[in-house]
Amino acid sequence: DTGVSQNPRHKITKRGQNVTFRCDPISEHNRLYWYRQTLGQGPEFLTYFQNEAQLEKSRLLSDRFSAERPKGSFSTLEIQRTEQGDSAMYLCASSAVLPAGDTQYFGPGTRLTVL
Amino acid sequence: AQSVAQPEDQVNVAEGNPLTVKCTYSVSGNPYLFWYVQYPNRGLQFLLKYITGDNLVKGSYGFEAEFNKSQTSFHLKKPSALVSDSALYFCAVRDTNAGSGAGSYQLTFGKGTKLSVLP
């Protein structure tokens, strides 16, 4: 069990550029989540996958954001035409399917800075 | 809609003293409740959770939390604080109805409480 990994750990980009983040969940975890955390706030839910199916999307996930989880393994989160307001820590989590109350385990996050 | 309130932005406690970090929640059905800890520039680390059963839940590093349904609270406690416990603590809630069409798998987090343990 190597934990959830995220790459890159840091990303600095200019406004208007596209960025893509990758998340590798704990092996055999069927569920994968993306959250966004800004300074002084708790994480806010963005989207959720069960296997390769994207089952929930937050209203925070504007048209510029897209997430995929091909083959139900790793996931990518792409932000197109970045804006300064996109600057945040992007967290990925994964969990196993349990009868009740599965625990979400978080990766170290990708810190995005949009100049 | 579900929500979490952590009424204290910061809690200061002397090393060796007991600590309490408060959390109250709101959810339409029954809750699953979680505590996570975050160290600077790191992701969230799971501490403990309440699913059902005993209201007192024990977790990692000597932490425990008490579920109180009537007060809709899930306060985090530790009998004797360590300087290394200094970090940001987040309470989170999820509706048990997730998957039935009436709830969501998303966790809703509080704003966090900064715990400082003074030597």
Side-chain angles (χ1 to χ4, degrees), chain A residues 1 3-7 9-10 21 23-26 29-51 53-61 88-111 113, chain B residues 1-7 9-10 21 23 25 27 29-53 57 59-60 67 74 88-114:
Chain A
D1 183 354
V4 178
S5 61
Q6 292 186 245
N7 287 289
R9 293 292 307 276
H10 303 275
F21 310 141
C23 170
D24 288 89
I26 294 171
H29 275 192
N30 302 84
R31 293 177 177 158
L32 186 146
Y33 312 77
W34 285 99
Y35 291 82
R36 181 172 69 184
Q37 185 179 21
T38 54
L39 197 62
Q41 301 295 321
E44 295 175 293
F45 172 78
L46 292 177
T47 190
Y48 153 65
F49 290 84
Q50 178 148 329
N51 300 313
Q54 188 174 19
L55 298 183
E56 289 185 53
K57 288 198 294 186
S58 163
R59 65 183 186 282
L60 292 176
L61 211 66
M89 175 79 88
Y90 289 84
L91 295 166
C92 176
S94 70
S95 69
V97 176
L98 295 177
D102 49 298
T103 299
Q104 295 181 25
Y105 294 93
F106 284 79
T110 295
R111 182 169 294 283
T113 302
Chain B
Q2 54 197 37
S3 65
V4 171
Q6 292 183 241
D9 290 337
Q10 180 149 354
V21 183
C23 169
Y25 67 90
V27 68
N30 291 314
Y32 293 141
L33 292 156
F34 302 81
W35 276 101
Y36 288 85
V37 60
Q38 187 175 37
Y39 296 96
N41 299 313
R42 301 278 294 276
L44 276 70
Q45 185 174 336
F46 170 71
L47 279 179
L48 52 78
K49 67 180 178 183
Y50 171 81
I51 303 299
T52 187
V57 177
S60 307
F67 171 64
F74 189 55
L88 196 53
Y89 290 80
F90 290 96
C91 180
V93 69
R94 205 198 90 187
D95 195 315
T96 60
N97 289 325
S100 67
S104 167
Y105 285 104
Q106 65 175 278
L107 290 178
T108 297
F109 287 84
K111 290 187 175 182
T113 298
K114 183 179 179 182

Checked Ser58(A), Pro43(A), Gly40(A) vs chain B; the most non-hydrogen pairs under 4.5 Å come from Pro43(A)
Counting heavy-atom pairs under 4.5 Å with chain B, the top scorer among Arg31(A), Glu44(A), Gln50(A) is Arg31(A)
Donor-acceptor pair, Gln38(B) side chain versus Gly42(A) backbone, under 3.5 Å?
-> no
Is there side-chain contact between Tyr35(A) and Leu107(B), with at least one heavy-atom pair below 4.5 Å?
-> yes
For residues Thr103(A) and Tyr36(B), determine if any side-chain heavy atom of one lies less than 4.5 Å from a side-chain heavy atom of the other.
-> yes
Partner chain A: residue of Ala92(B), Gly43(B), Gly110(B) with the largest heavy-atom pair count (under 4.5 Å) = Gly43(B)
Check whether Gln37(A) gets within reach of chain B through its side chain, its backbone, both or neither, counting any heavy atom under 4.5 Å.
-> side chain
Under 30°, 30 to 60°, or over 60°: which ring-plane class applies to Tyr48(A) and Tyr105(B), parallel, tilted or perpendicular?
-> tilted
